[in-house]
Amino acid sequence: MSFSSCFSRSPLPLEVVKPCNSVGKGLNFPFPIRSKGAELCNRHIVRSRVNLSGDWSFIGGSKFIVKPKATRLLHYPKCGQIHASWFLGSQLASNAFTIGTIAVLPFYTLMVLAPKSELTKKSMESSIPYVVLGILYAYLLYLSWTPETIQLIFASKYLLPELTSIGKMFSSELTLASAWIHLLVVDLFAARQVFQDGLENQIETRHSVSFCLFFCPIGILTHVITKAMTRTSRKEGHTL
(Lines give C-alpha, C1' and ligand atoms only; values in the text may rest on other atoms or scores of the structure.)
Protein backbone atom coordinates (compact mmCIF):
# COMPACT_ATOMS: atom_id res chain seq x y z
CA MET A 1 0.00 0.00 0.00
CA SER A 2 1.48 3.33 -1.09
CA PHE A 3 1.84 6.36 1.14
CA SER A 4 -0.47 8.49 -0.99
CA SER A 5 -3.22 5.89 -1.29
CA CYS A 6 -3.30 5.48 2.49
CA PHE A 7 -4.10 9.11 3.03
CA SER A 8 -6.48 9.31 0.10
CA ARG A 9 -8.76 6.78 1.77
CA SER A 10 -9.07 8.86 4.92
CA PRO A 11 -9.50 12.52 4.02
CA LEU A 12 -9.22 14.99 6.88
CA PRO A 13 -12.22 17.36 7.07
CA LEU A 14 -11.22 20.85 8.15
CA GLU A 15 -13.31 23.97 8.67
CA VAL A 16 -11.30 26.89 7.35
CA VAL A 17 -12.24 30.58 7.38
CA LYS A 18 -10.23 32.49 4.80
CA PRO A 19 -10.36 36.07 3.58
CA CYS A 20 -11.37 36.86 0.02
CA ASN A 21 -9.56 34.97 -2.76
CA SER A 22 -7.34 33.10 -0.32
CA VAL A 23 -8.79 29.62 -0.35
CA GLY A 24 -6.34 27.16 -1.79
CA LYS A 25 -3.49 29.62 -2.33
CA GLY A 26 0.00 28.86 -1.10
CA LEU A 27 -0.96 25.39 0.17
CA ASN A 28 1.57 22.56 -0.22
CA PHE A 29 0.66 19.20 1.25
CA PRO A 30 2.50 15.91 0.79
CA PHE A 31 -0.84 14.08 0.78
CA PRO A 32 -4.35 14.61 -0.61
CA ILE A 33 -6.65 16.49 1.73
CA ARG A 34 -10.23 17.67 1.66
CA SER A 35 -11.36 20.82 3.38
CA LYS A 36 -14.47 22.80 3.73
CA GLY A 37 -13.89 26.53 3.60
CA ALA A 38 -16.03 29.56 4.26
CA GLU A 39 -15.30 32.79 2.47
CA LEU A 40 -16.82 36.06 3.64
CA CYS A 41 -16.64 39.15 1.42
CA ASN A 42 -19.13 41.94 0.81
CA ARG A 43 -21.98 40.00 2.40
CA HIS A 44 -21.32 37.00 0.16
CA ILE A 45 -20.86 33.72 1.99
CA VAL A 46 -19.41 30.93 -0.15
CA ARG A 47 -19.32 27.39 1.11
CA SER A 48 -16.73 25.56 -0.97
CA ARG A 49 -14.94 22.24 -0.94
CA VAL A 50 -11.30 22.19 -1.93
CA ASN A 51 -10.04 18.89 -3.32
CA LEU A 52 -6.30 18.38 -3.30
CA SER A 53 -5.62 15.36 -5.50
CA GLY A 54 -2.14 13.86 -5.88
CA ASP A 55 -0.42 12.31 -8.85
CA TRP A 56 3.06 10.81 -9.21
CA SER A 57 5.21 10.04 -12.20
CA PHE A 58 8.83 9.05 -12.82
CA ILE A 59 9.40 12.12 -14.99
CA GLY A 60 7.72 14.98 -13.22
CA GLY A 61 7.69 13.66 -9.67
CA SER A 62 4.71 14.51 -7.45
CA LYS A 63 1.95 16.83 -8.56
CA PHE A 64 -0.80 18.35 -6.43
CA ILE A 65 -3.86 19.91 -8.05
CA VAL A 66 -6.14 22.23 -6.13
CA LYS A 67 -9.77 21.99 -7.31
CA PRO A 68 -12.16 24.28 -5.43
CA LYS A 69 -15.82 23.37 -5.82
CA ALA A 70 -18.41 25.97 -4.88
CA THR A 71 -21.44 24.15 -3.59
CA ARG A 72 -23.59 27.02 -2.32
CA LEU A 73 -23.69 30.75 -2.80
CA LEU A 74 -25.63 32.78 -0.32
CA HIS A 75 -26.20 36.45 -0.99
CA TYR A 76 -27.65 38.81 1.57
CA PRO A 77 -28.68 42.07 -0.08
CA LYS A 78 -29.07 45.24 1.86
CA CYS A 79 -32.48 45.34 3.44
CA GLY A 80 -34.62 48.39 2.98
CA GLN A 81 -34.41 50.53 6.05
CA ILE A 82 -37.70 51.85 7.40
CA HIS A 83 -37.34 55.08 9.24
CA ALA A 84 -39.43 54.39 12.31
CA SER A 85 -38.83 57.95 13.46
CA TRP A 86 -41.31 59.08 10.77
CA PHE A 87 -44.07 57.34 12.68
CA LEU A 88 -43.14 57.97 16.29
CA GLY A 89 -43.13 60.90 18.68
CA SER A 90 -41.63 64.28 18.05
CA GLN A 91 -40.27 63.42 14.60
CA LEU A 92 -43.76 62.60 13.37
CA ALA A 93 -45.08 65.85 14.84
CA SER A 94 -42.30 67.83 13.13
CA ASN A 95 -42.89 66.13 9.77
CA ALA A 96 -46.65 66.68 9.97
CA PHE A 97 -46.08 70.36 10.81
CA THR A 98 -43.79 70.84 7.81
CA ILE A 99 -45.91 68.85 5.34
CA GLY A 100 -49.12 70.61 6.35
CA THR A 101 -47.58 74.06 6.03
CA ILE A 102 -46.07 73.35 2.61
CA ALA A 103 -49.33 71.79 1.36
CA VAL A 104 -51.42 74.96 1.80
CA LEU A 105 -48.89 77.49 0.48
CA PRO A 106 -49.58 76.91 -3.26
CA PHE A 107 -53.27 77.77 -2.78
CA TYR A 108 -52.48 81.03 -1.03
CA THR A 109 -49.91 81.84 -3.71
CA LEU A 110 -52.48 81.37 -6.47
CA MET A 111 -55.12 83.47 -4.68
CA VAL A 112 -52.67 86.34 -4.12
CA LEU A 113 -50.66 86.34 -7.35
CA ALA A 114 -53.28 85.15 -9.85
CA PRO A 115 -56.74 85.69 -8.36
CA LYS A 116 -58.51 85.84 -11.74
CA SER A 117 -56.78 82.83 -13.27
CA GLU A 118 -58.84 79.79 -14.25
CA LEU A 119 -56.30 77.57 -12.52
CA THR A 120 -56.86 79.44 -9.27
CA LYS A 121 -60.62 79.19 -9.56
CA LYS A 122 -60.53 75.44 -10.23
CA SER A 123 -58.00 74.85 -7.46
CA MET A 124 -60.13 76.63 -4.89
CA GLU A 125 -63.20 74.65 -5.92
CA SER A 126 -61.40 71.37 -5.16
CA SER A 127 -61.93 69.58 -1.85
CA ILE A 128 -58.75 67.49 -2.06
CA PRO A 129 -56.62 69.62 0.32
CA TYR A 130 -59.32 69.50 2.98
CA VAL A 131 -59.68 65.73 2.69
CA VAL A 132 -55.91 65.11 2.88
CA LEU A 133 -55.33 67.49 5.77
CA GLY A 134 -58.43 66.18 7.51
CA ILE A 135 -57.09 62.62 7.40
CA LEU A 136 -53.71 63.79 8.70
CA TYR A 137 -55.42 65.70 11.50
CA ALA A 138 -57.51 62.68 12.49
CA TYR A 139 -54.41 60.48 12.62
CA LEU A 140 -52.49 62.93 14.81
CA LEU A 141 -55.52 63.37 17.05
CA TYR A 142 -55.77 59.59 17.45
CA LEU A 143 -52.10 59.34 18.44
CA SER A 144 -52.24 62.23 20.89
CA TRP A 145 -55.52 61.23 22.55
CA THR A 146 -55.07 59.83 26.06
CA PRO A 147 -57.49 58.87 28.86
CA GLU A 148 -56.61 62.15 30.58
CA THR A 149 -57.61 64.28 27.59
CA ILE A 150 -61.29 64.38 28.50
CA GLN A 151 -60.41 65.35 32.07
CA LEU A 152 -58.19 68.17 30.83
CA ILE A 153 -60.83 69.51 28.45
CA PHE A 154 -63.65 69.43 31.01
CA ALA A 155 -61.59 70.22 34.08
CA SER A 156 -63.93 72.63 35.83
CA LYS A 157 -66.99 71.67 37.81
CA TYR A 158 -69.14 73.32 35.12
CA LEU A 159 -67.66 70.97 32.48
CA LEU A 160 -65.91 73.87 30.76
CA PRO A 161 -62.26 73.93 29.67
CA GLU A 162 -59.76 75.85 31.74
CA LEU A 163 -56.66 77.62 30.48
CA THR A 164 -54.26 75.75 32.75
CA SER A 165 -55.62 72.36 31.75
CA ILE A 166 -55.48 73.24 28.04
CA GLY A 167 -51.86 74.32 28.54
CA LYS A 168 -51.06 70.91 30.01
CA MET A 169 -52.77 69.19 27.11
CA PHE A 170 -50.74 71.13 24.55
CA SER A 171 -47.48 70.25 26.25
CA SER A 172 -47.38 67.24 23.91
CA GLU A 173 -45.80 67.87 20.49
CA LEU A 174 -48.30 65.55 18.81
CA THR A 175 -51.16 67.59 20.24
CA LEU A 176 -49.51 70.81 19.05
CA ALA A 177 -49.05 69.35 15.56
CA SER A 178 -52.71 68.30 15.41
CA ALA A 179 -53.75 71.80 16.52
CA TRP A 180 -51.56 73.33 13.80
CA ILE A 181 -53.15 71.15 11.12
CA HIS A 182 -56.54 72.14 12.53
CA LEU A 183 -55.66 75.82 12.12
CA LEU A 184 -54.32 75.31 8.60
CA VAL A 185 -57.54 73.66 7.44
CA VAL A 186 -59.79 76.28 9.03
CA ASP A 187 -57.65 79.17 7.76
CA LEU A 188 -57.57 77.82 4.21
CA PHE A 189 -61.33 77.29 4.24
CA ALA A 190 -61.88 80.86 5.46
CA ALA A 191 -59.46 82.21 2.85
CA ARG A 192 -61.36 80.35 0.13
CA GLN A 193 -64.65 81.86 1.33
CA VAL A 194 -63.12 85.33 1.28
CA PHE A 195 -61.65 84.71 -2.19
CA GLN A 196 -64.92 83.44 -3.68
CA ASP A 197 -66.92 86.24 -2.10
CA GLY A 198 -64.50 88.73 -3.59
CA LEU A 199 -64.91 87.22 -7.06
CA GLU A 200 -68.69 87.27 -6.75
CA ASN A 201 -68.87 90.87 -5.59
CA GLN A 202 -65.80 92.15 -7.46
CA ILE A 203 -63.92 93.07 -4.28
CA GLU A 204 -60.17 93.12 -3.76
CA THR A 205 -59.24 90.16 -1.56
CA ARG A 206 -55.47 89.70 -1.86
CA HIS A 207 -54.68 91.52 1.37
CA SER A 208 -57.43 89.68 3.26
CA VAL A 209 -56.33 86.28 1.92
CA SER A 210 -52.76 87.04 2.98
CA PHE A 211 -53.91 87.78 6.52
CA CYS A 212 -55.91 84.54 6.58
CA LEU A 213 -52.72 82.48 6.30
CA PHE A 214 -51.50 83.27 9.82
CA PHE A 215 -54.07 85.72 11.25
CA CYS A 216 -57.36 84.33 10.02
CA PRO A 217 -59.68 86.46 12.21
CA ILE A 218 -57.87 89.59 11.06
CA GLY A 219 -58.19 88.44 7.43
CA ILE A 220 -61.93 88.00 7.83
CA LEU A 221 -62.20 91.39 9.55
CA THR A 222 -60.29 93.17 6.77
CA HIS A 223 -62.50 91.53 4.17
CA VAL A 224 -65.64 92.72 5.94
CA ILE A 225 -64.23 96.24 6.12
CA THR A 226 -63.11 96.16 2.48
CA LYS A 227 -66.52 94.92 1.39
CA ALA A 228 -68.31 97.64 3.32
CA MET A 229 -66.04 100.38 1.96
CA THR A 230 -66.45 99.09 -1.60
CA ARG A 231 -70.23 99.12 -1.34
CA THR A 232 -70.18 102.64 0.10
CA SER A 233 -67.95 103.96 -2.67
CA ARG A 234 -70.11 102.31 -5.29
CA LYS A 235 -73.28 103.89 -3.87
CA GLU A 236 -71.64 107.29 -3.80
CA GLY A 237 -70.52 106.81 -7.38
CA HIS A 238 -74.05 105.95 -8.52
CA THR A 239 -75.41 108.96 -6.61
CA LEU A 240 -73.02 111.35 -8.32
Side-chain angles (χ1 to χ4, degrees), residues 86-87 90-145 149 152-153 160-163 165-167 169-240:
W86 271 78
F87 305 99
S90 60
Q91 187 62 39
L92 172 61
S94 177
N95 292 331
F97 179 90
T98 304
I99 291 172
T101 304
I102 294 176
V104 300
L105 289 179
F107 298 98
Y108 284 97
T109 303
L110 288 174
M111 286 187 288
V112 172
L113 298 183
K116 297 182 180 180
S117 172
E118 290 297 325
L119 176 61
T120 305
K121 295 177 182 179
K122 291 181 180 179
S123 298
M124 298 316 299
E125 291 174 358
S126 175
S127 299
I128 293 178
Y130 306 101
V131 173
V132 174
L133 292 177
I135 294 174
L136 179 59
Y137 169 75
Y139 180 64
L140 292 174
L141 189 65
Y142 167 76
L143 292 180
S144 61
W145 197 269
T149 303
L152 292 174
I153 294 177
L160 294 174
E162 294 182 347
L163 185 60
S165 60
I166 295 299
M169 186 174 65
F170 281 100
S171 61
S172 169
E173 291 187 355
L174 283 174
T175 305
L176 280 175
S178 65
W180 179 250
I181 299 299
H182 181 121
L183 291 175
L184 289 177
V185 174
V186 174
D187 292 354
L188 181 60
F189 186 82
R192 184 179 73 166
Q193 294 300 112
V194 169
F195 172 76
Q196 291 177 344
D197 185 66
L199 290 179
E200 183 178 352
N201 296 283
Q202 297 181 354
I203 299 172
E204 179 62 48
T205 60
R206 286 178 288 187
H207 60 295
S208 300
V209 167
S210 300
F211 278 120
C212 285
L213 177 57
F214 292 111
F215 314 102
C216 186
I218 296 178
I220 297 174
L221 178 61
T222 57
H223 176 66
V224 172
I225 295 173
T226 303
K227 188 175 182 179
M229 293 177 61
T230 303
R231 286 180 177 178
T232 302
S233 62
R234 286 176 181 175
K235 288 181 181 180
E236 292 178 354
H238 286 300
T239 303
L240 294 175

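Numbers here are sequence positions counted from 1.
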Residues 123-136, side-chain donor-acceptor partners within the protein, below 3.5 Å, at least two apart:
{"residue": "S123", "atom": "OG", "partner": "L119", "partner atom": "O", "Å": "2.7"}
{"residue": "S126", "atom": "OG", "partner": "I128", "partner atom": "N", "Å": "3.2"}

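- To the nearest 0.5 Å, atom CZ of residue F215 and atom OG of residue S208 are 14.0 Å apart.
- Of all heavy-atom pairs between S144 and S178, the closest is OG-OG, 4.3 Å.
- In this structure, S165 and L152 approach most closely via the heavy-atom pair OG-O, 2.7 Å.
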ask   = side-chain contact (heavy atoms from CB on, under 4.5 Å) between I218 and T222: does it pass, once the steps are laid out?
value = CA-CA 6 Å; I218 296 178; T222 57; 4.2 Å; yes
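- For the atom pair L183 CG and Y137 OH, the distance stands at 9.5 Å (nearest 0.5 Å).
- Pairs of residues two or more places apart, or lying in two chains, that qualify as ring pair (Phe, Tyr, Trp, His ring centres under 6.0 Å) and include a residue from residues 97-120 are F97-W180.
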task = Run the numbers on T205 and L199 for side-chain contact (heavy atoms from CB on, under 4.5 Å), then give the verdict.
result = CA-CA 8 Å; T205 60; L199 290 179; over 6 Å; no
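- In this structure a side-chain-to-backbone donor-acceptor pair under 3.5 Å is missing from T175 to F170.
- Taking NZ of K122 as the start and CG of L110 as the end, the distance is 13.0 Å to the nearest 0.5 Å.
- Considering M229, K227, R234 in turn, K227 is the only one that fulfils the side chain to side chain contact (heavy atoms under 4.5 Å, CB included) rule with R231.
- Between L143 and L92, some side-chain heavy-atom pair lies under the 4.5 Å cut-off.
- Under the ring pair (Phe, Tyr, Trp, His ring centres under 6.0 Å) criterion, H207 pairs with no residue at all, not counting sequence neighbours.
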ask   = Step by step, would you call V209 with R206 a side-chain contact (heavy atoms from CB on, under 4.5 Å)?
value = CA-CA 5 Å; V209 167; R206 286 178 288 187; 5.8 Å; no
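- For the atom pair D187 CG and I220 CD1, the distance stands at 8.0 Å (nearest 0.5 Å).
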task = Evaluate side-chain contact (heavy atoms from CB on, under 4.5 Å) for E200 paired with Q196, printing each intermediate quantity in order.
result = CA-CA 6 Å; E200 183 178 352; Q196 291 177 344; over 6 Å; no
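- The line from CD1 of I181 to CG of L140 is 6.5 Å long, rounded to the nearest 0.5 Å.
- Counted by atom type alone, D197 and Q193 present zero donor-acceptor pairs between their side chains at under 3.5 Å.
- Taken from CD in E173 to OG in S94, the straight-line distance is 8.0 Å, to the nearest 0.5 Å.
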